[in-house]
Amino acid sequence: MPVEAGWEAESPTNGNMEGRVAGAHRFDGVDLRALAVQVPTPFYAYSANAIRYRVSRLRQAFHGLDLRICYAVKANSNIAILHLMSQQGVGADIVSLGEMQRSLKAGVPADRIVFSGVGKTGEEMAAALEAGVWRFNVESADELSLLQAIAQGKGVVARAAARINPDVDAQTHAKISTGKAENKFGVSIDEARRWFAGAAQMSHVLLDGLHAHIGSQILSLDPFGKALRRVEDFRRELVEDGHAIASVDIGGGLGVTYRPGLDRPIAIQDYAALVRETFADFKGILVLEPGRHLVAEAGVLVTRVVRIKQGSDRSFLIVDAAMNDLLRPSLYDAWHEIVPLHDRTEMARYDIVGPVCETGDTFAQARPLPRCGADDLLLIGGAGAYGASMASNYNSRPLTAEVLLDDGRYSVIRRRQSFADMIAGEQIPQDWHEA
Ligand SMILES: *Cc1c(COP(=O)(O)O)cnc(C)c1O
């Protein structure tokens, strides 16, 4: 699929509300209003072309380097999305066995999978070794020695990278900052230096990589510059001390536009230029772990107005999507663009809320919108990342449907959960046991 230069301009989430009005209802060639007749709201819709476009743009920016893109599965873990990634030659960055199984099922080869996370258990390490994942991003000394023991027990050699905590401020929301000394992720350069010094004693771990991931939704090159410089200085020191470093994994974190005109994402060319310059002397494999960058703006949540409730000093627009479907506003105070799929022009101001019994179940406050009424459709933009993957059954609301759009066609990639699906595994006690 060639990159369509103008593709982004067609996206409902291109951060341009005015520009959108003409073709507002279409996303990847599909009329969302017609789709909402076929699929029950709320539902997620993802544009296959928007994802392909971002993958190929990223790849072009790093052209000539030995690049491996390992998509951060947690951003959107639907197997159809993972399959789309694998079709583009993209691997996976996983943080659990569930994510590993999804990736393998979707056709991602095991040797393109990296395993990150602070809490890997022995059981998970064993299963990942059996599956043949490419490498473990190791986050503590305890994890490293457990990996050695488990690989030894299996008679295999585990490839590992040390996750460095470069102690830089990613200048993002505190809950998605991961690269400061006070965060639980990675180890200091001092500690990693000791790991490499002892690496030769590990018979079944090949410690030959470095990894850093400093946070998410990063909009400034500055923290990347600082973190990557620390990683590269450390790499050179290790090489001078006789250690072979086969791969450097620079994580994910690239920010996207949630607030049109306010969020200014880093241009991919600038990011690539920084990486090329910083790692000019490094000839090994460069790993990227983008999540949000590839999928956030490629997804929308389509929701329907249930009713308008007039409060004493404000109007509540009550929609059929809620915090259990899209948690970001409640969890991170995240701002999402909300666009009605109707053409009225008279404006009103609404607090846009879901039906869940929590005050935090609020998508937007005092948001100016064209006047709405019951049954109107709204689209919530920037919902392709950390949307469906963070959803829950809170308030016993079924998980939403997810739909993949591709050039005027659609395919349901997850049906809306049924009541039976939702309570599967639960039971009223029939027999009791002693423990
Ligand atoms: C979450 C995560 C990512 C992806 O972060 P984005 O901001 O979505 O790009 C990459 N690497 C690791 C280790 C992560 O935990």
Side-chain angles (χ1 to χ4, degrees), residues 46 51 54-55 57-58 61 68-78 81-82 85 90-96 98-100 103 112-120 124 128 133-140 143 160-166 168 170-180 183-187 209-221 223-224 227-228 231 247-258 263 265-266 268 271 275 286-299 327-328 331-332 334 382-390:
Y46 311 119
I51 294 171
R54 281 167 178 75
V55 170
R57 190 179 57 179
L58 194 59
R68 286 202 196 174
I69 304 175
C70 292
Y71 165 66
V73 172
K74 71 181 191 285
N76 185 325
S77 44
N78 187 293
I81 300 297
L82 300 176
M85 295 294 178
V90 171
D93 167 38
I94 59 163
V95 294
S96 69
E99 288 190 352
M100 182 179 87
S103 303
R112 288 182 185 257
I113 297 178
V114 295
F115 195 172
S116 304
V118 295
K120 298 178 202 81
E124 287 180 313
V133 308
W134 178 42
R135 98 181 14 258
F136 292 80
N137 289 330
V138 176
E139 308 218 14
S140 64
E143 185 190 331
R163 176 164 178 180
I164 305 298
N165 183 323
V168 299
Q171 296 159 29
T172 185
H173 192 284
K175 285 185 183 159
I176 50 175
S177 176
T178 59
K180 287 207 282 185
N183 300 132
K184 70 180 174 184
F185 300 98
V187 296
L210 291 176
H211 174 235
H213 169 74
I214 56 170
S216 201
Q217 185 55 13
I218 298 168
L219 295 170
S220 153
L221 259 190
F224 281 121
L228 297 184
V231 171
S247 70
V248 172
D249 180 336
I250 60 172
L254 287 168
V256 300
T257 301
Y258 288 109
D263 298 333
I266 298 165
I268 282 304
Y271 178 68
V275 173
L286 177 73
V287 186
L288 304 182
E289 299 172 342
R292 192 187 309 270
H293 173 73
L294 296 182
V295 293
E297 291 168 277
L327 186 60
R328 300 190 66 261
L331 185 62
Y332 307 129
Y386 306 105
S389 63
M390 288 183 125

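Note that ligands are numbered from 1 as they come in the structure, with each ligand's atoms numbered from 1 the same way. Keep in mind that this is a model prediction, so the values were computed, not measured.
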Do [X] and [Y] touch side chain to side chain, with heavy atoms closer than 4.5 Å?
| X | Y | result |
| --- | --- | --- |
| M85 | V295 | yes |
| F115 | M100 | no |
| H211 | V114 | no |
| I218 | Y271 | no |
| V187 | E143 | no |
| R163 | T178 | yes |

Which atoms of ligand 1 sit under 4.0 Å from any heavy atom of [X]?
| X | result |
| --- | --- |
| G252 | 9 (O), 10 (C) |
| E289 | 3 (C), 4 (C), 9 (O), 10 (C), 11 (N), 12 (C), 13 (C) |
| R292 | 6 (P), 8 (O), 9 (O) |

What protein heavy atom lies closest to atom 15 (O) of ligand 1? Include the residue and the distance to one decimal.
K74 NZ, 2.7 Å

The protein heavy atom nearest to atom 4 (C) of ligand 1 is A72 CB, 3.3 Å

Between [X] and ligand 1, which part of the residue brings a heavy atom under 4.0 Å of the ligand: side chain, backbone, both or neither?
| X | answer |
| --- | --- |
| S216 | both |
| R163 | side chain |
| H213 | side chain |

Do any N/O atoms on [X] end up under 3.5 angstrom from N/O atoms on ligand 1?
| X | value |
| --- | --- |
| G291 | yes |
| H293 | no |
| D93 | yes |
| H211 | no |
| G253 | yes |

In Å and rounded to the nearest 0.5 Å, what is the CD to CG distance from Q217 to L254?
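So the gap between those two atoms works out to 9.5 Å.
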
Between atom CD of Q171 and atom CZ of F224, what is the distance when rounded to the nearest 0.5 Å?
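Nearest 0.5 Å value for the CD-CZ distance: 11.0 Å.
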
Does Y386 come within less than 4.0 angstrom of ligand 1, counting non-hydrogen atoms of the residue?
yes

Residues in salt bridge (Lys or Arg N to Asp or Glu O under 4.0 Å) with E124, at least two apart?
none

